[in-house]
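What follows is a short report on a single structure.
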Amino acid sequence: MHITNKRHQEQATARWPALPLEAWKDTCQTLHLWTQVIGKVRLVLSPSINHWWHVPFYLTARGLTTAPIPSHGPTDRTFEVLFDFIDHHLLIATSDGATQAIPLVARSVASFYQESLATLQTLGIEVTINTLPCEVPNPIPFEQDERHASYDPFYAQCFWQTLVQTEMVLKHYRSFFLGKSSPIHVFWGSFDLALSFFSGRPAPERKGADRITREAYSHEVISCGFWPGDERFPTPAFYSYTAPAPPGIESASLLPAAASYNRELGECLLRYDDMRSASSPEQALLDFYQSSYQAGATLAAWDREALERK
């Protein structure tokens, strides 16, 4: 029995690779900014969808994709941009069969920005984006950023693999919910994998909020997902939060025992390494998502009878 449990733990560790932020922080920051370059191309060319659902990336069997984007050119083509974390290149493919690939290697954000937009131009796709990064401290315009220039293919692939495994758990988790819910997607602003459930009720307006926040939180929501960490919380973690936050959420009972509420971030968190070390990592993560949802939905008085599958 001990040998079987050890084998299961080894298999789980292979599915959930180590991802210490300190080991790949420079790559994480650079990759985050590269995704912003491509994400802003999608933002400019795509029709608006509520809660900014027209801008994220989606997971594929090889990496992250924009999904088809209208080119708005004379031929009305669509195109798609894929971060391939197996062969490590950026693939741009058009609906008329043209393709171009840019190697994902250690290079500055400025270099990546220039070559990406130049490659789009060679494919007949003209686009101008706002080059100031979003949701990062001390942003540097893309065309000026020679500071962020790291790419470790090993950790880029580990990050993607973690997103893939998390998405599979989220697909099981979401199956009970009957109300309005988001796709499972990767936001390039906050650089996290996210799934959101909605109560169906409008949320109180956030005074002083910028237009990104106003649109994202226009309705009552419970969001969860995965985040690689940053200076505020320098370790990868799974998260869940209820917005607006109901009184009592900070002391809600969560599963597994390692999960807790972080007052600084205003979120329920389960450290990635605590999940990896569990006897059943996937079950531990599912328990976290379910218990944090149940706490938030109950405390916020959601109509759970109508929103949940019996």
Side-chain angles (χ1 to χ4, degrees), residues 50-53 56 165-187 190 192-207 209 212-227 229 232-233 235-276 278-310:
N50 54 314
H51 311 298
W52 303 101
W53 291 350
Q165 295 298 323
T166 305
E167 183 186 42
M168 286 196 276
V169 175
L170 287 172
K171 286 179 177 178
H172 286 287
Y173 160 66
R174 77 176 309 160
S175 62
F176 80 97
F177 194 75
L178 301 177
K180 171 185 168 182
S181 61
S182 75
I184 300 171
H185 44 206
V186 176
F187 278 107
S190 48
D192 65 325
L193 181 71
L195 167 65
S196 299
F197 294 159
F198 294 83
S199 71
R201 301 186 300 234
E205 185 174 345
R206 296 189 174 199
K207 293 183 179 180
I212 295 175
T213 302
R214 285 199 306 272
E215 177 60 33
Y217 297 106
S218 61
H219 289 70
E220 293 180 347
V221 63
I222 296 176
S223 290
C224 65
F226 172 79
W227 176 57
R232 297 169 299 165
F233 193 84
T235 187
F238 304 98
Y239 70 86
S240 176
Y241 63 84
T242 303
I249 191 65
E250 65 280 356
S251 57
S253 177
L254 300 172
L255 293 173
S260 63
Y261 183 82
N262 184 288
R263 292 179 180 272
E264 180 183 354
L265 298 178
E267 299 180 1
C268 302
L269 297 177
L270 173 63
R271 292 172 186 261
Y272 179 64
D273 286 342
D274 288 335
M275 184 278 304
R276 289 181 75 234
S279 58
S280 175
E282 289 82 2
Q283 187 60 53
L285 181 53
L286 187 61
D287 289 345
F288 171 69
Y289 288 144
Q290 289 175 335
S291 64
S292 53
Y293 164 80
Q294 289 166 4
T298 300
L299 290 168
W302 283 25
D303 187 355
R304 296 183 60 186
E305 185 72 17
L307 292 170
E308 300 172 17
R309 191 184 307 276
K310 297 180 176 60

Would you say that P281 contacts M275 through its side chain, given a criterion of any heavy-atom pair below 4.5 Å between the two side chains? yes

Test item: W52 side-chain N/O and I212 main-chain N/O as donor-acceptor pair under 3.5 Å: yes

Determine, step by step, whether L170 and C224 satisfy the side chain to side chain contact (heavy atoms under 4.5 Å, CB included) criterion, reporting the C-alpha distance in whole Å, the side-chain angles of both residues, the deciding distance to 0.1 Å, and the verdict. CA-CA 9 Å; L170 287 172; C224 65; 3.7 Å; yes

Please report the closest heavy-atom contact between Y239 and F226, naming both atoms and the distance. CE2-N, 3.4 Å

Note, E220 side chain near P244 side chain (heavy atom, < 4.5 Å): yes

Name all residues meeting the side-chain hydrogen bond (donor to acceptor under 3.5 Å, both in side chains) criterion together with S218; count only those two or more places apart in sequence or in a different chain, and write none if there are none. none

List for me each residue that meets side chain to side chain contact (heavy atoms under 4.5 Å, CB included) alongside A300, sequence neighbours excluded, and say none if there are none. T242, P246, W302

Just by distance, do the side chain of T298 and the backbone of A295 share a donor-acceptor pair under 3.5 Å? no

Would a 4.5 Å heavy-atom cut-off, applied to side chains only, mark Q290 and D287 as touching? yes

Between E215 and N50 the two heavy atoms that sit nearest each other are OE2-CA, 3.3 Å

Residues at least two apart in sequence or cross-chain that pass salt bridge (charged side-chain N to carboxylate O under 4.0 Å, His left out) with E205, listed by chain then number, are none

One should read off an interatomic distance between E167 CD and L195 CG, to the nearest 0.5 angstrom, of 10.0 Å

Donor-acceptor pair, Y289 side chain versus G225 backbone, under 3.5 Å? yes

Residue pair D273 / R276, side-chain heavy-atom distance below 4.5 Å: yes

Just do the side chain to side chain contact (heavy atoms under 4.5 Å, CB included) check on W227 and S190 with the steps written out, would you? CA-CA 8 Å; W227 176 57; S190 48; 5.8 Å; no

Could you pull out all donor-acceptor pairs under 3.5 Å where a side-chain atom in residues 176-186 meets a protein atom, sequence neighbours excluded?
| unit_1 | atom_1 | unit_2 | atom_2 | d |
| --- | --- | --- | --- | --- |
| K180 | NZ | H51 | NE2 | 2.8 |
| S181 | OG | R174 | NH2 | 2.8 |
| S182 | OG | S196 | N | 2.9 |

Enumerate donor-acceptor pairs with a distance under 3.5 Å from any side-chain N or O in residues 249-271 to protein atoms, sequence neighbours excluded.
| unit_1 | atom_1 | unit_2 | atom_2 | d |
| --- | --- | --- | --- | --- |
| S251 | OG | G248 | O | 3.2 |
| N262 | OD1 | E264 | N | 3.1 |
| N262 | OD1 | L265 | N | 2.8 |

Among residues at least two apart in sequence or on other chains, which ones pass side-chain hydrogen bond (donor to acceptor under 3.5 Å, both in side chains) with Y173? none

Closest heavy-atom pair and its distance - P56, F187: CG-CE2, 3.5 Å

